[in-house]
Amino acid sequence: RKMKSILQQSMLLLFILGLTSTMGFSQKKVANSQHKIVIQFSSGDTLAQKGLKNNLKNLTTAWPDASIEVVCHGPGISFVRTETTKYAEDIINFKKMGIVFAACENTLKERKIEKSEILPGIQFVPNGLVEVITKQEKGWSYIKAGY
């Protein structure tokens, strides 16, 4: 009878230890995935584009599991436009890391830019500002990139 009680206590202790270690793992996973960042980019300046590239590199180094979306509109559309970007290779690499790049369809219409002129794999949103605001309303952190 005493042996049965010790066995039950041991099993309970193992169960509690297993539960707390699982909870710790879950909390770490949630902590990593809780970083959701929307970046508004509306600058055509190549130094601002280089700054954005560096910011993305630093963010992905610090938080490799963060959800990041870069919304390009206005003059910032040049960052994802095939004929004007200086960072196509970097954008492709960032996309492989899970960063989403979105081009504003209002900007494309206003500037008479065809979707085919945008780098492959870039998403399109009807309105860049609405996309940024919607993300903020869902709890995403907001960064205005550029000068």
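Count residues from 1 along the sequence.
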Rounded to the nearest 0.5 Å, what's the gap from [atom1] on [X] to [atom2] on [Y]? Could you check?
X	Y	atom1	atom2	value
Glu117	Lys112	CD	NZ	12.5 Å
Leu108	Ile77	CG	CD1	4.5 Å
Arg81	Cys72	CZ	SG	13.0 Å
Lys53	Leu56	NZ	CG	10.0 Å

Quiz prompt | ILVMFWY clustering at 4.5 Å (side-chain atoms), partners of Tyr142 | solution =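 Joined to Tyr142, directly or through intermediates: Val38, Val71, Val132, Trp140.
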Quiz item: Rest of the hydrophobic cluster containing Leu129 (Ile/Leu/Val/Met/Phe/Trp/Tyr, side-chain heavy atoms under 4.5 Å)?
Solution: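 Once heavy-atom contacts under 4.5 Å are chained together, Leu129 still belongs with nothing else.
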Exercise. Tell me, with the steps shown, if Phe79 and Thr84 meet side chain to side chain contact (heavy atoms under 4.5 Å, CB included).
Key: CA-CA 7 Å; Phe79 187 65; Thr84 56; over 6 Å; no
Quick check on the hydrophobic clustering: are [X] and [Y] connected, directly or via other members, by side-chain heavy-atom contacts under 4.5 Å?
X	Y	result
Met97	Ile92	no
Phe41	Val100	no
Ile133	Ile37	no
Phe101	Val125	no

Which pair of non-hydrogen atoms, one from [X] and one from [Y], has the smallest distance, and what is that distance?
X	Y	value
Thr107	Gly74	OG1-N, 2.9 Å
Pro126	Cys104	O-SG, 4.2 Å
Ala145	Leu52	CB-CD1, 4.0 Å

Practice problem: Verify side chain to side chain contact (heavy atoms under 4.5 Å, CB included) between Ile39 and Glu69, making sure each step is shown before the conclusion. | Solution: CA-CA 6 Å; Ile39 301 173; Glu69 180 174 336; over 6 Å; no
Quiz item: Is there a donor-acceptor pair closer than 3.5 Å between any side-chain N or O of Ser67 and the backbone N or O of Lys36?
Solution: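 Checking the backbone N and O of Lys36 against the side chain of Ser67, no donor-acceptor pair under 3.5 Å is found.
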Quiz item: Between the main-chain N or O of Gly76 and the side-chain N or O of Ser43, is there a donor-acceptor pair closer than 3.5 Å?
Solution: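 Not a single qualifying donor-acceptor pair exists.
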Does a side chain donor of either [X] or [Y] reach within less than 3.5 Å of an acceptor in the other side chain?
X	Y	result
Gln40	His73	yes
Lys135	Ser141	no
Gln49	Thr85	no

Check whether any side-chain heavy atom of [X] sits under 4.5 Å from a side-chain heavy atom of [Y], and report yes or no.
X	Y	result
Val80	Tyr87	no
Arg111	Pro75	yes
Asn55	Ile143	no
Trp63	Ile68	no
Ser78	Glu83	no

Exercise. Could you go through the side chain to side chain contact (heavy atoms under 4.5 Å, CB included) check for Lys115 and Glu105 one step at a time?
Key: CA-CA 8 Å; Lys115 288 183 177 181; Glu105 291 177 345; 2.9 Å; yes
Practice problem: Take Thr82 and Ile118, measure what side chain to side chain contact (heavy atoms under 4.5 Å, CB included) needs, and give me the verdict at the end. | Solution: CA-CA 5 Å; Thr82 306; Ile118 301 299; 5.7 Å; no
